[in-house]
Amino acid sequence: MTAEVRIVPPLPSRADVVVGRPVRGPTWRRMGELHNWLLGRGATLVAGYNPASTVPASSSRSFRFYVAPRVQARSRFWVLGLRKDPGGQFGSDGVVEVTVEGQARGSITVSNDLTTNLYRVIDPIVTPSATPAPIELILTNTDASFEVTVDWIACYEVPAFELATNATEHGVELGSLQTQAPIYAATGQGPGGLALAAKQVRTTARRAGLFCWAVDLDDTSARAVSTSATPSPLFLLDPVIQARRITDASLPTVTVAALMQASDSGTDARVAVASTLAADTLNLDRIGASSTAWGWVVGTIEVKPEALDNADGGPNGAGTHETLSFELSRTKGTGQARCAAVCVVEVP
Amino acid sequence: MTASSEYGRFTGWADTILAADDPVDTGLVRDGVVNSLLHGYDQAFQTRCNWSARAAAQATAFPTLSTATWRALPHALGTFPVTLRADGTSPILVVRLGLVRSVGSGTVRVRVAWRADDATPFGRRVPPAIGDLNAAEFSLSGTSAGAWVGSASLTLSSLLRSTLPTTRASDSAAGSSEVVLTRIDAFAKLDSGASGTPSVCAFLAREYVG
């Protein structure tokens with residue numbers, strides 16, 4: 001028996017835990033199975049989006065994301081929507097090489113059928129971590145004649161099939177949660193170990209990636225640029241942010257990261273963020289001499305969470321959504337304020 | 001829906017409530033451990049797609065539309081894994097669609113449909129009927145510089161399992177995990193007398209425990 005992670009979660013019944021009666025062995029077991037499922041099933045890292053980007057012939061494009069992974073994940077998989085342009089029925093298939101965090105992750109044969117096809121790329125995680133950090137996806141088009149259009153990018157963690165029963169992964173040994181087993185407390189074992197490990201659910205069983213948009217830093221037709229002190233929207237429509245309900249007393253916060261640069265040291269750049277329902281604001285500023293290098297600027301903002309008493313979880317009733325607005329502006333100088341990525345994540 | 005947990009939020013408890021050889025305080029276990037595990041379940045469902053184009057030029061246009069046939073969007077709105085509910089069924093998938101249409105008149109209809117990734121593809125011109133639980137229809141009249149045209153809740157009955165490779169933490173042994181992979185396709189058609197082709201400029205697909 002191990003700290004197995006199932007695809008379907010069992011639910012312990014509240015009615016099985018009644019004051020004055022012992023908690024039955026099967027109930028402990030179900031609690032342990034649910035606990036392992038919550039920590040091990042994996043999260044969204046990059047919610048699917050269309051970068052509206054192209055990879056020129058014999059060139060590369062780099063997409064940088066700020067992600068909040070789970071330490072329990074050992075692999076993730078990318079979903080890439082690629083189209084060879086203009087392939088035509090007489091052309092050959094294209095080849096795109098995929099690199100993640102400097103590791104070659106194989107080649108994709110891009111069909112010349114003139115349509116966008118979705119390709120899955122398995123990406124073993126070199127150093128599992130729960131620390132929010134940037135990751136870089138590089139797509140290299142090896143065709144010398146034709147460009148490749150990137151119509152979709154997404155990344156999801158591959159669920160774990162078994163957790164380690166240690167203080168890092170917090171898996172619980174299911175064999176220690178049996179009928180007539182003694183109450184004892186050891187890391188990852190017994191009801192005591194479960195009670196300790198279950199505290200991780202609040203921080204680990206997150207909706208890790210809520211929104212991501214990223215394009216190549218040097219893709220002048222795709223990145224956002226402002227030469228005005230008047231803020232202009234980064235997106236045509238404000239993205240929806242559906243955060244978890246943590247407590248009743250306070251609004252949850254989400255972490256917003258923007259990859260920004262100013263074209264010269266006398267220019268400052270700002271991404272202003274505002275939540276519609278929670279009415280909170282956040283300014284992400286890239287200022288000073290170092291602003292001429294691309295860098296992540298990170299902050300937090302309150303949002304209104306999911307409401308479990310509504311049919312679709314809408315925060316203010318069915319059909320309602322919390323959204324974040326993003327506006328780019330130049331707050332100082334005469335150069336360009338630039339932005340090449342915005343990511344919204346829930347961090348531990 | 002009704003929350004699975006007793007309090008609809010996370011609760012705390014002392015580390016020592018289940019110390020070795022101590023009797024179990026069932027009230028603390030119920031209010032703390034069971035409640036938080038069940039609330040964690042309610043909140044474990046993920047945002048799978050969340051796209052908002054920077055500008056109309058970066059939205060995805062449908063092929064030239066007619067009043068006679070449905071036409072599919074040139075790319076699917078993602079392949080993504082689905083979090084299964086405790087009864088083995090799909091969660092509710094809340095989809096929200098944004099459209100832009102710079103020229104045109106009359107009403108354009110857009111149907112989005114959810115299916116298992118390995119299931120038989122929809123015909124390029126034959127979306128599921130609107131009465132199906134895995135499809136929803138939206139419409140846009142006249143022109144728009146970009147607008148959300150509505151949201152809908154979908155469910156999926158065909159949940160085909162596949163496996164993805166991964167490794168075990170304790171000894172790095174190779175293995176695989178079962179997943180349910182699905183995808184969304186979009187189709188559009190003009191009403192009688194309408195003209196003008198829209199583009200999809202935003203799309204949300206988020207799971208909800210339901």
Side-chain angles (χ1 to χ4, degrees), chain A residues 7-9 11-12 14 17-19 23 31 34-35 38 43-44 47-50 52 74-75 77 79 81 116 118 122 151-152 154 156 158-159 161-164 169 183-185 191-192 195-196 198 201-202 205 207 210-211 224 235-237 239-240 242 244-248 308 312-313 319, chain B residues 1 3 6 8-10 15 17-20 24 26-27 29-30 33-34 36-37 40-44 46-55 58 60 74-76 78-81 84 86 88 92 94 96 98 146 148 151 153 164-170 175 177-178 201-202 204 206 208:
Chain A
I7 187 172
V8 175
L11 290 191
R14 295 186 320 224
V17 186
V18 179
V19 175
V23 183
M31 290 161 63
L34 176 58
H35 167 85
L38 286 166
T44 296
Y49 78 105
N50 180 350
R74 287 294 181 274
S75 300
F77 70 102
V79 178
T116 297
L118 294 173
I122 297 293
D151 280 333
W152 200 259
Y156 308 99
V158 176
F161 59 89
E162 187 182 312
L163 300 178
E169 293 211 2
I183 300 295
Y184 68 103
L196 286 171
V201 168
R202 178 171 171 157
R207 292 175 186 164
L210 299 167
F211 171 76
F235 305 108
L236 204 54
L237 298 173
V240 173
Q242 189 84 353
R244 293 189 305 161
R245 175 172 295 278
I246 306 295
T247 70
D248 288 338
L308 287 165
D312 63 1
Chain B
M1 68 155 286
E6 194 147 355
R9 58 178 169 80
F10 288 110
D15 288 346
I17 65 168
L18 288 170
V24 176
T26 45
V29 170
R30 177 171 168 151
V33 183
V34 177
S36 288
L37 286 171
Y41 165 74
D42 282 344
Q43 301 287 272
Q46 304 278 316
T47 297
R48 297 306 191 182
C49 306
N50 202 354
W51 165 40
S52 190
R54 285 211 53 248
Q58 289 158 335
T60 302
H75 63 81
T79 289
F80 52 88
L84 295 184
I92 288 174
V94 179
R96 195 180 194 206
W148 293 107
S151 63
S153 298
L164 293 175
T166 186
T167 55
R168 184 164 55 201
S170 55
S177 289
E178 279 193 307
C201 64
L204 168 77
R206 64 170 176 85
Y208 179 56

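Within every chain, numbering begins at 1; the chains are lettered A, B, ... in the order of the sequence lines, protein sequences first and strands thereafter.
When the candidates B:G98, B:P165, B:G40 are compared by the number of heavy-atom contacts under 4.5 Å with chain A, B:P165 comes out ahead. Here A:P191 is the residue among A:P191, A:A164, A:G319, A:A205 with the most heavy-atom pairs under 4.5 Å with chain B. In terms of heavy-atom pairs under 4.5 angstrom with chain A, the leader among B:R96, B:R54, B:R9, B:R30 is B:R54. Your options are A:V17, A:T116, A:L34, A:V158, and the one with the most heavy-atom pairs under 4.5 Å with chain B is A:V17. The residue among B:A202, B:G27, B:S52 with the most heavy atom pairs within less than 4.5 Å of chain A is B:S52. For chain A, the option among B:A55, B:A86, B:G146 with the highest count of heavy-atom pairs below 4.5 Å is B:A86. For the set A:L163, A:V18, A:I246, A:L196, the entry with the most heavy-atom pairs within less than 4.5 Å of chain B is A:I246.
Nearest approach of B:N50 to A:P239, heavy atoms of both residues: OD1-CB, 4.2 Å. Minimum interatomic distance between A:V8 and B:G88 (heavy atoms only, all atoms of both residues): CG1-N, 3.9 Å. When all heavy atoms of B:T47 and A:L210 are compared, the pair lying nearest together is CG2-O, 3.7 Å. Residues B:R168 and A:F161 come closest through the heavy atom pair CB-CZ, 3.6 Å. Of all heavy-atom pairs between A:D248 and B:G8, the closest is OD1-O, 4.5 Å. For the residue pair B:S36 and A:V201, the shortest heavy atom distance occurs at O-CG1, 4.2 Å.
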Audit row: A:F235, B:Q58, side chain to side chain contact (heavy atoms under 4.5 Å, CB included) steps and yes/no: CA-CA 10 Å; A:F235 305 108; B:Q58 289 158 335; over 6 Å; no

Side chain to side chain contact (heavy atoms under 4.5 Å, CB included) between B:R206 and A:R207, intermediate numbers included: CA-CA 10 Å; B:R206 64 170 176 85; A:R207 292 175 186 164; over 6 Å; no

Candidate pair B:Q43 and A:L308, rule side chain to side chain contact (heavy atoms under 4.5 Å, CB included), full reasoning: CA-CA 9 Å; B:Q43 301 287 272; A:L308 287 165; 3.7 Å; yes

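Only the side chain of B:S153 comes within contact range of chain A, with heavy atoms under 4.5 Å apart. Heavy atoms closer than 4.5 Å to chain B are found in the side chain of A:L118, but not in its backbone. Interface residue B:I92: only side-chain heavy atoms are found under 4.5 Å from chain A. Both the backbone and the side chain of A:I7 come within contact range of chain B, with heavy atoms under 4.5 Å apart. Both the backbone and the side chain of A:L237 come within contact range of chain B, with heavy atoms under 4.5 Å apart. In this structure, the portion of B:A53 lying under 4.5 Å from any heavy atom of chain A is its backbone and not its side chain. Of the two parts of B:A76, the backbone and the side chain both hold a non-hydrogen atom closer than 4.5 Å to a non-hydrogen atom of chain A. With a threshold of 4.5 angstrom between heavy atoms, A:V240 approaches chain B through its backbone and through its side chain.
Atoms CD and OG1, on B:Q46 and A:T44 in that order, are 4.5 Å from each other to the nearest 0.5 Å. Atoms CG and CD1, on B:L164 and A:I122 in that order, are 4.5 Å from each other to the nearest 0.5 Å. For the atom pair CD (A:Q242) and CG (B:L204), the distance works out to 8.0 Å, reported to the nearest 0.5 Å.
Classification of the B:W51-A:W152 ring pair by plane angle, with boundaries at 30° and 60°, yields perpendicular.
Partners of A:Y156 by ring pair (Phe, Tyr, Trp, His ring centres under 6.0 Å), not counting sequence neighbours, listed by chain and number: A:F77. Listed by chain and residue number, A:W37, B:F45 satisfy the ring pair (Phe, Tyr, Trp, His ring centres under 6.0 Å) test with B:Y41 (two or more places apart in sequence, or in another chain).
Formation of a donor-acceptor pair under 3.5 Å by the A:E169 side chain with backbone atoms of B:A169 is not found in this model. Judged purely by atom type and a 3.5 angstrom limit, A:D151 has no side-chain atom pairing as donor or acceptor with the backbone of B:H75. Of the possible donor and acceptor atoms, one in the side chain of B:S177 sits under 3.5 Å from a partner among the backbone N and O of A:P159.
Using modelled atom types, one finds no donor on one side chain facing an acceptor on the other under 3.5 Å when comparing A:D312 with B:S151.
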